[in-house]
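Numbered from 1 within each chain, the chains take letters A, B, ... in sequence-line order. Keep in mind it's a predicted model, so treat the numbers as computed, not measured.
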Amino acid sequence: MDKWILIDGNSIANRAFYAMPPLTNSSGLHTNAVYGFTTMLLKLLEEEKPTHVLVAFDASKITFRHEGYSEYKGGRAKTPPELSEQFPVMKELLQSFGIAQFELSGYEADDIIGTLTRLADEQGVDALVVTGDKDMLQLVSPKVTVAVTRKGVSEVERYSPAEMTERYGLTPQQFIDLKGLMGDASDNIPGIPGVGEKTALKLLHEYGSVEGVLEHTHELKGKMKEKVEQHKDDAVMSKKLATIFREVPLTQTAEDIRYSGYDAARLSEAFRKLEFKSLLERLDLSGAGAGEAEGAQPAAELHTVLIAGEQDAGQLKALLDALASEEEHGLYIEAAGENPHTADMLGISAAVGGAVYALAAGTLEAPFAEPLRAWLADENKPKYGFDTHKADLALAWRGIPLRGVKFDVQLAAYLLDPTDGSQTLSGVAARYGLPAVQADEAVYGKGAKFKVPDEETLLRHLAVKADAVRRIVQLQRAELDATGMNKLIYELELPLSRVLAAMELQGIAVAKGELQSLGGELERGISEAVSRIYELAGTEFNINSPKQLGEILFDKLGLPVIKKTKTGYSTDADVLEKLEPYHEIVPLILHFRQLAKLQSTYVEGLLKEIRTETGKVHTYFRQTIAATGRLSSQFPNLQNIPIRLEEGRKIRKAFVPSEPGWYILAADYSQIELRVLAHISGDERLKEAFIRDMDIHTKTAMDVFGVSAEEVDSNMRRSAKAVNFGIVYGISDFGLSQNLNITRKEAAQFIEQYFDVFQGVKKYMEDIKMQARRDGYVTTLLERRRYLPDIKASNFNLRSFAERTAMNTPIQGTAADIIKLAMVRMDETLKERKLKSRMLLQVHDELVFEVPEEELELMKQLVPQVMESAIELDVPLRADVNYGVNWYEAK
DNA sequence: GACTTCACG
DNA sequence: ACGTACGTGAAGTCA
């Protein structure tokens, strides 16, 4: 039995906003209306178990009602910005819930709901309308119940026809007449002055309707007669205004508001963002949500073929026949665990033809599955998968190559919205409104509770996934085409994902002994620092605990508090540096921190990651994490190996070639981000500086301070360098002042002087912000896109953040595009020339190789050449190359 | 698991 | 007046 819930979004949001105490999350976003709305929604879903849910919103301020009466809703206070900023958040949250939302320009939420209740009446479906507005009572019918919020939002009063009679003695239709007579101050509907609820009810009980009253004005007496006669027209118009329009030309159908349960993982992520902790706890993450979906097309409707062992060899043949005769399919390979190098293989599934096939993990390596392995390895057999990068690695460690990947749903989802978090298949599927794919957390549990379910459950889950992949591929292809990202995915990101997998599989050799002896030195330094710190503190304590350290420094020793954190005193390096003159314990703590970091993260951490079989570490470059298009590196992170300070830089001595007599060769782009800025801003001065290959920070100092090259002192150059960094980050006077330890005024002056000189840069910064406001997103040179929903926020913090992001992302993102291009070219070049040299790492603007002696001279020339010619800009690209017997020496 | 700190570009 | 530089990952503490 279907049950619809129709929610008046604007009305409930308003109620919630005024009923709830002010509430903001840590970034200053107001969330009280969203919170109130959400609690109400959760309660409704739980208690009513609807099959269809819709939230309707008012689309615009001007509706058809204004055509006859321009003062409609006039005099109403403007929506406060604290509330209006919450609407986009609410709408996004509804998407996470998987709940439909309608709005249609020219109509109010009431009208949309009125139209749907008419459908409910016609189709004989039960509907519940939820609103804060009693006007909606006119929609009540035998099938339609209206729930009006009472104080707050969680308590409601329900009205069926019987309850209407009981409370008001009116039919739903008469409720319109009621408002016609008494008016409504909040909507600026006049009614008849002096007629309130009591009088209006009395009149209606007597004469039945506005028209009835007007026909019988002669029966009235005194003042009342006068008023009614005077305001006849007002009453008629008021009734008209109060009538909900029930014929809105909706293009959607009832099917579009079908609700099939929420994806708990996706929702919990949304709640985390909003910092709704109590609601997080209320979410049943153990397996409810999407899994319970009753309305959704169940997986059982798929023709699912489970292949558990050799006895199913016939089915496997059917799969391969289907794959041979039809290109369109969806492939899913399940590797459990975060690290693909150590992941367990759970199974593989493919949706093709009229069926979905799912194979248990063990069968993949069995002799009878050889034809499947051959298909996976065949470059000429196209594959359409999800996270094929991870699959590639997991398969490779089992000796099964994966080739011919032509599409990847995860990669596409990332390109279509790189900020959209985790890009899980269940999340992506939900966004496309597909039959529910259960969240992995719901199927496997998470963390310590991870458990593979029984084979049937597992294989059915995999089957649903392959089916979802097949469906999503078509949709994403069209979207990528529409957003101009075809080249980006097919010619850059997809080829790159194979290159990355090869680099990761290759790994980089780590000299364990080197690391251990470094560890020994660190150990001695640490224990010495510790005992001197205890001595100076007069007590032993946990120096690693910011809380305990704060107590010692600020309570016991009475040092001045420079900065506070959310939880107490701040003791970060910035603060400690300012405290150095006050007490000799401070530099010791800084020293201890430095050594402890090196020891725990880089010596012990790295040692744990060395594979005993190979003596190498194998990082996992993630291609779908960074919002700007950069890569990230995990298990271990090899993109943050120390270099700035000599003590830490020594760690690099442990990164060595994997073959005797080879070298580590590293090449890095010089000032790639500023060169990109010169190109996209077209600033003549900046371009000139790079065309002449000048020292950019010195040149900036010369221009900003108006001095000659000889007159630039180290301090001026340092300031200019900080300004250049600031420019790339989306400058603010506050940020620059923090960095240079100067006042905000001085920083603002620097920036002004900079913009005076580099006017093209100034114009770019203004233009890009405008573009972001106009389009809602910014792009890189290769059309990579990043949406900036907060660019129009009324909240200063949110908006400023979005503006800096608008300035930074095209720069950082284009630089990322360029080095990715270089990597794909480099891989091709090494293969074409049949070189033995191997690309091992990428560190944002640097590529690291291992090179045999006989290729050293060639590579010293080839690598910079490929990097510099990856793309043609209005300024030259430059790459510097170095080499040595280990990474430390390649400087 | 949230928070703080710090390593890199 | 608002309070942040952009983008990451990992380790440690503490509740």
Side-chain angles (χ1 to χ4, degrees), chain A residues 26-28 268 272 275 277 280-281 338 418-419 446-447 542-550 563-576 589-590 593-594 596-606 608-609 619-622 625-645 647-649 651-652 668-669 671-673 722-723 725-740 744 747 751 786 794-813 815-816 819 841-846:
Chain A
S26 51
S27 52
S268 70
R272 248 192 295 281
E275 298 167 17
K277 289 177 195 154
L280 259 175
E281 284 162 22
E338 285 206 279
T419 57
K446 63 172 168 179
N542 187 345
I543 312 169
N544 276 321
S545 161
K547 186 162 170 262
Q548 294 181 35
L549 179 61
K563 192 164 67 170
K564 294 202 133 212
T565 67
K566 217 182 276 179
T567 49
Y569 305 120
S570 171
T571 66
D572 67 23
D574 235 42
V575 168
L576 295 183
I589 289 165
L590 281 165
R593 283 248 177 101
Q594 190 197 351
K597 177 84 175 184
L598 293 173
Q599 183 75 302
S600 67
T601 306
Y602 296 104
V603 173
E604 291 166 0
L606 221 41
K608 276 186 228 153
E609 294 290 344
T619 191
Y620 176 32
F621 286 112
R622 300 207 53 187
I625 300 294
T628 53
R630 274 189 177 185
L631 299 178
S632 86
S633 162
Q634 288 180 316
F635 320 128
N637 180 354
L638 294 183
Q639 290 182 319
N640 70 346
I641 303 301
I643 189 167
R644 291 173 190 169
L645 300 172
E647 296 92 319
R649 192 171 194 158
I651 297 284
R652 296 186 171 223
D668 67 303
Y669 279 114
Q671 302 296 350
I672 189 167
E673 293 190 334
V723 173
F725 267 93
I727 290 294
V728 168
Y729 291 159
I731 199 149
S732 72
D733 50 9
F734 185 87
L736 185 64
S737 74
Q738 288 292 300
N739 191 279
L740 282 176
R744 243 171 89 167
I751 295 169
R786 178 174 181 180
S794 61
N795 179 299
F796 175 86
N797 262 336
L798 288 178
R799 189 178 63 247
S800 302
F801 194 5
E803 287 175 352
R804 291 196 297 275
T805 311
M807 297 186 268
N808 171 264
T809 295
I811 302 173
Q812 191 182 119
I819 196 166
L841 301 176
Q842 186 250 47
V843 193
H844 310 308
D845 67 351
E846 174 188 17

Do any N or O atoms from the side chain of A:Arg652 and from the backbone of A:Ile641 form a donor-acceptor pair under 3.5 angstrom? yes
With a non-hydrogen cut-off below 4.0 angstrom, is [X] in contact with a base, only sugar-phosphate, or nothing?
| X | value |
| --- | --- |
| A:Leu598 | nothing |
| A:Val728 | nothing |
| A:Ser633 | sugar-phosphate |
| A:Arg644 | base |
| A:Ala747 | nothing |
| A:Ala815 | nothing |
| A:Arg649 | nothing |
| A:Ser732 | base |
| A:Glu846 | nothing |
| A:Asn637 | sugar-phosphate |
| A:Ala816 | nothing |
| A:Ile641 | sugar-phosphate |
| A:Asn739 | base |
| A:Asp668 | nothing |

Starting at the 5' end of DNA chain C and moving along, which residue's nearest nucleotide shows up first, A:His844 or A:Pro636? A:His844
Of all the nucleotides listed ([options]), which has the minimum atom distance to the side chain of [X]?
| X | options | result |
| --- | --- | --- |
| A:Asp572 | B:dC3, C:dC14, B:dC6 | B:dC6 |
| A:Asn640 | C:dA5, C:dG7, C:dG9 | C:dG9 |
| A:Thr567 | C:dG3, C:dC6, B:dT4 | B:dT4 |
| A:Thr571 | C:dA10, B:dT5, C:dT8 | B:dT5 |
| A:Ala627 | C:dT8, C:dA15, C:dG9 | C:dT8 |
| A:Ile625 | B:dC6, C:dG7, C:dG9 | C:dG9 |
| A:Lys566 | B:dC3, C:dA10, C:dG7 | B:dC3 |
| A:Gln594 | C:dC6, B:dT5, B:dA7 | B:dA7 |
| A:Gln634 | C:dT4, C:dG9, B:dC3 | C:dG9 |
| A:Thr565 | C:dG12, B:dT4, C:dT13 | B:dT4 |

Counting only heavy atoms from other residues, nucleotides and ligands, does the tally under 6.0 Å from CD of A:Glu604 exceed 12? yes
Quick one: [X] [atom1] to [N] [atom2], roughly how many Å, whole number?
| X | N | atom1 | atom2 | result |
| --- | --- | --- | --- | --- |
| A:Tyr729 | C:dT8 | OH | P | 13 Å |
| A:Leu798 | C:dG3 | CG | P | 11 Å |
| A:Tyr669 | B:dC8 | OH | P | 23 Å |
| A:Glu803 | C:dC6 | CD | P | 12 Å |
| A:Phe796 | C:dT4 | CZ | C1' | 9 Å |

Watson-Crick or G-U wobble partner of C:dA11, both distances under 3.5 Å: B:dT4
As its Watson-Crick or G-U partner within any shown strand, both distances under 3.5 Å, C:dC2 has none
Centroid distance under 5.5 Å and plane angle under 30°, A:Phe734 vs C:dT4: yes
For the residue pair A:Gly648 and A:Leu598, what are the closest heavy atoms and their distance? CA-CD2, 3.5 Å
Closest non-hydrogen atom pair, A:Leu645 against A:Gln594: CD1-NE2, 3.8 Å
For the P atoms, the ones on C:dC2 and on B:dA7, what distance do you get once it is rounded to whole angstrom? 32 Å
Between B:dC6 and C:dA5 - P atom distance, rounded Å: 14 Å
Can you find a donor-acceptor pair, distance only, under 3.5 Å between [X] side chain and [N] base?
| X | N | answer |
| --- | --- | --- |
| A:Gln812 | C:dC6 | yes |
| A:Arg804 | C:dT4 | yes |
| A:Lys597 | B:dC6 | yes |

Considering only heavy atoms from C-beta outward, does the side chain of A:Tyr669 approach that of A:Glu846 to under 4.5 Å? no
